[in-house]
Amino acid sequence: MDQYTLNLLVIGASFALYIGIAIWARAGSTSEFYAAGRGVHPVMNGMATAADWMSAASFISMAGIIAFGGYDASAYLMGWTGGYVLLAMMLAPYLRKFGKFTVPEFIGDRFYSSSARMVAVVCLIVASVTYVIGQMTGVGVAFSRFLEVDSATGLYIGAAIVFVYAVLGGMKGITYTQVAQYCVLIFAYTIPAIFISLQLTGNPIPPLGLFSDHVGSGQPILATLEATLRDLGFTTYTERHDSMLNMFLFTMSLMIGTAGLPHVIVRFFTVPRVADARTSAGWALVFIAVLYLTAPAVGAMARLNIMTTMWPNGVQGEAISEADLPQWFANWQVTGLLAVEDKNGDGKIQFYNDKSPADSPVMQTATERGWQGNELTTFNQDILVLANPEIANLPGWVIALVAAGGLAAALSTAAGLLLAISSAISHDLIKGAINPNISEAGELMAARISMGVAIAVATYLGLNPPGFAAQTVALAFGIAAASIFPALMMGIFSTRINNKGAVAGMLSGLLITVIYIFLHKGWFFIPETNSFTDADPLLLSIKSTSFGAIGAVINFAVAYFVSNATEEPPAEIRDLVESVRVPRGAGTATTH
């Protein structure tokens with residue numbers, strides 16, 4: 001059976017499973033659409049949360065970022081993992097106890113203001129739409145390769161699949177679909193990693209293989225990779241190259257942004273009790289750790305495999321000839337995400353850093369050998385995990401499994417984000433402000449229509465993303481960090497912050513962060529409208545992906561200053577804040 005047919009069978013079977021679950025778990029009420037009827041078992045919710053959390057950024061893009069960024073990219077691991085712990089310990093149980101359906105509803109009630117609720121809706125939509133761009137980008141990358149179409153067509157196909165099962169099933173359907181998607185994606189990620197670790201180190205456990213000896217050189221695998229990169233003029237793998245300030249702010253942005261992401265927070269509204277929220281958070285961390293402990297090994301081993309492919313006889317030998325390029329090159333060139341060009345016409349494909357200083361050893365070698373520049377002209381980092389089984393010559397069924405896993409990761413998070421957007425529009429905007437007397441059937445229809453519109457917008461923006469999937473997602477985390485997280489923290493742990501302070505803080509944090517991002521990534525992510533780049537940032541060494549931490553500090557400061565300059569919150573609100581932190585169970589969800 002050829003690879004294309006095998007891909008179709010495995011991907012088709014997984015999609016049939018997802019759609020079948022959506023039909024079986026079709027939401028019949030707003031409670032089921034928004035919070036799965038609050039009847040999800042903590043272990044099931046933990047698995048669904050892990051799938052919701054491990055998006056295209058984690059599955060498809062993170063290992064690619066680590067492979068090419070090395071030590072500097074470790075901030076993704078630290079920030080995302082630390083942020084989840086922060087969310088589980090500091091926010092989830094208290095929000096579950098409050099007993100609302102959505103994050104804006106909590107903010108509106110806690111800060112006794114419909115204006116605060118509407119500002120939270122805006123913050124949620126901006127963060128979630130930015131996040132979903134990264135997911136749709138990942139969907140396009142995966143579909144384009146494994147269905148052998150261009151990336152735009154792959155994006156359209158993925159959008160149609162999300163539309164079917166997310167719009168139909170709501171949170172109830174999405175929850176049980178995500179349980180299935182977790183099983184698919186975790187097997188798809190770890191099985192190739194085990195194969196590759198065995199090939200390169202003889203150790204079947206990838207995290208241990210990362211610190212084992214390379215079977216080809218007898219040296220530690222990281223030392224082998226480091227030497228190869230240095231010889232070809234690339235930045236070293238295990239050393240820091242970014243500024244400490246930017247790395248610290250980036251890690252903080254990811255961490256507090258994680259704790260402010262509404263599509264993750266809402267998962268803790270689906271369990272019956274406050275204690276179940278804590279339990280499901282613990283299980284989710286276990287399920288997440290399986291992939292996050294494997295990702296550094298996948299990134300390093302994939303990078304070494306690429307270097308070995310391009311220089312089969314070592315850096316001192318000849319580069320690979322164009323005629324001998326492996327089949328996976330041809331497979332990915334169809335997508336436009338990988339390209340080669342024989343610039344000097346010698347029939348070889350030289351892969352090196354042609355931006356190195358003129359007096360560097362690699363540039364001297366290039367001059368001596370007549371190289372005319374790096375001839376691997378395009379290598380989209382987002383393809384790395386999906387291409388990994390082909391790079392390592394693994395069996396066809398593993399390639400098909402990875403295809404299904406990549407799509408499961410992207411689609412699961414896209415569905416969660418779209419649900420958060422549709423809930424904010426239908427429940428908080430339409431029911432909360434525009435038409436409080438709307439019927440339950442009308443609200444459910446509004447939720448489904450708004451989700452369909454959100455899918456269309458995300459698909460359009462996904463055609464021209466502002467970066468690789470993980471980079472785009474990092475921007476969303478920064479927006480959530482600067483706008484939503486401070487309001488949640490102050491709403492739970494401070495009785496002094498009033499409605500005026502909360503609104504002023506959210507608006508200031510959101511606006512300054514979004515403007516900083518647009519200055520670097522283009523206004524509304526339109527290409528070539530930026531004034532700065534992350535290589536030459538506006539403020540010190542702070543990149544656009546790191547500015548969320550600054551925005552959060554501004555949010556806290558403005559909220560504190562305005563609140564202390566105005567009246568205290570009413571006594572019943574202060575009592576409410578105190579009661580939320582007392583562990584005496586949670587009430588049922590209420591609507592307004």
Side-chain angles (χ1 to χ4, degrees), residues 50-51 53-81 138 141-142 145 182 184-215 220-222 224-226 228-229 237-238 287-309 328 332 337-338 379-395 398-410 468-471 473:
W53 172 240
M54 292 188 296
S55 62
S58 291
F59 187 99
I60 295 176
S61 193
M62 183 171 63
I65 292 286
I66 293 172
F68 287 87
Y71 178 88
D72 292 341
S74 63
Y76 283 94
L77 292 168
M78 295 185 291
W80 281 339
T81 307
V141 170
R145 162 63 189 96
Y182 176 80
V184 172
L185 74 86
I186 204 66
F187 280 110
Y189 201 88
T190 55
I191 288 175
I194 291 169
F195 272 110
I196 294 170
S197 183
L198 277 169
Q199 284 181 351
L200 295 181
T201 69
N203 193 320
I205 304 174
L208 299 180
L210 180 62
F211 300 99
S212 301
D213 289 343
H214 181 230
V215 294
I221 192 167
L222 286 175
T224 303
L225 176 59
E226 191 89 336
T228 304
L229 293 174
Y237 197 80
T238 58
F287 293 131
I288 290 169
V290 177
L291 188 145
Y292 269 51
L293 289 172
T294 306
V298 171
M301 293 176 186
R303 185 75 184 275
L304 183 59
N305 268 333
I306 292 169
M307 310 306 290
T308 304
T309 298
W328 67 269
W332 281 98
L337 301 173
L338 183 148
F379 194 103
N380 187 303
Q381 296 175 14
D382 285 346
I383 75 173
L384 192 68
V385 169
L386 299 176
N388 227 0
E390 297 172 272
I391 296 173
N393 295 314
L394 299 184
V398 179
I399 296 172
L401 181 61
V402 169
L407 292 169
F468 299 117
Q471 292 170 325
V473 166

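We're numbering straight along the sequence, starting at 1. Values below: every heavy atom of this structure, side chains too, minus hydrogens, waters and symmetry copies. Computed from a predicted structure; not experimentally measured.
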- Task: Taking all non-hydrogen atoms of both residues into account, name the closest pair between Glu390 and Trp332 and its distance.
- Result: OE1-NE1, 3.1 Å
- Message: Between Trp80 and Val473, is the side chain to side chain contact (heavy atoms under 4.5 Å, CB included) condition met? List the steps.
- Response: CA-CA 11 Å; Trp80 281 339; Val473 166; 3.9 Å; yes
- Item | Where Phe287 and Ile186 come nearest, the two heavy atoms and their spacing | O-CD1, 4.4 Å
- Backbone N/O of Ile66 and side chain of Tyr237: donor-acceptor pair under 3.5 Å: yes
- Side chain to side chain, Met62 and Val385, heavy atoms closer than 4.5 Å: no
- Query: Roughly how far, to the nearest 0.5 Å, is the CD1 atom of Ile383 from the CD1 atom of Ile391?
  - Reply: 7.0 Å
- Note on the structure: In this structure, CD of Glu226 is separated from CD1 of Ile221 (nearest 0.5 Å) by 12.5 Å
- Mind listing the closest non-hydrogen atom pair of Ala295 and Leu77 along with its distance? CB-CD2, 4.4 Å
- Might you point out which heavy atoms bring Pro206 and Ile194 nearest each other, and give the distance in Å? CG-N, 3.9 Å
- Query: Any sub-3.5 Å donor-acceptor pair from Ser197's side-chain atoms to Ala193's backbone N or O?
  - Reply: no
- Query: Heavy-atom distance under 4.5 Å between the side chains of His214 and Thr201, does that happen here?
  - Reply: no
- Task: Of all the heavy-atom pairs spanning Pro207 and Ala297, show the shortest one and how long it is.
- Result: N-CB, 4.3 Å
- Message: Any heavy-atom pair between the side chains of Pro192 and Asn388 that's under 4.5 Å?
- Response: no
- When rounded to the nearest 0.5 angstrom, what distance separates OH in Tyr182 from CD1 in Ile288? 8.5 Å
- Message: Checking the side chain of Gln199 only, and the main-chain atoms of Ala392 only, is there a donor and an acceptor separated by less than 3.5 Å?
- Response: yes
- Task: Using modelled atom types only, decide if a donor and an acceptor are shared between the side chain of Tyr189 and the backbone of Val184 within a distance under 3.5 Å.
- Result: no
- Any chance you could measure Ser212, atom OG, to Ile205, atom CD1, to the nearest 0.5 Å? 9.0 Å
- Indicate whether any N or O donor in one side chain lies under 3.5 Å from an N or O acceptor in the other, for Ser58 and Tyr292. yes
- Query: Roughly how far apart are Leu338 CG and Trp328 CH2, rounded to 0.5 Å?
  - Reply: 6.0 Å
- Main-chain N/O of Pro220 paired to Thr224 side chain as donor or acceptor, under 3.5 Å: yes
- Distance from Ile191 atom CD1 to Ile196 atom CD1, nearest 0.5 Å? 12.0 Å
- For the residue pair Ala188 and Val402, what are the closest heavy atoms and their distance? O-CG2, 3.4 Å
- Query: Would Ile306 and Leu384 satisfy side chain to side chain contact (heavy atoms under 4.5 Å, CB included), going step by step from the backbone distance to the final call?
  - Reply: CA-CA 9 Å; Ile306 292 169; Leu384 192 68; 3.3 Å; yes
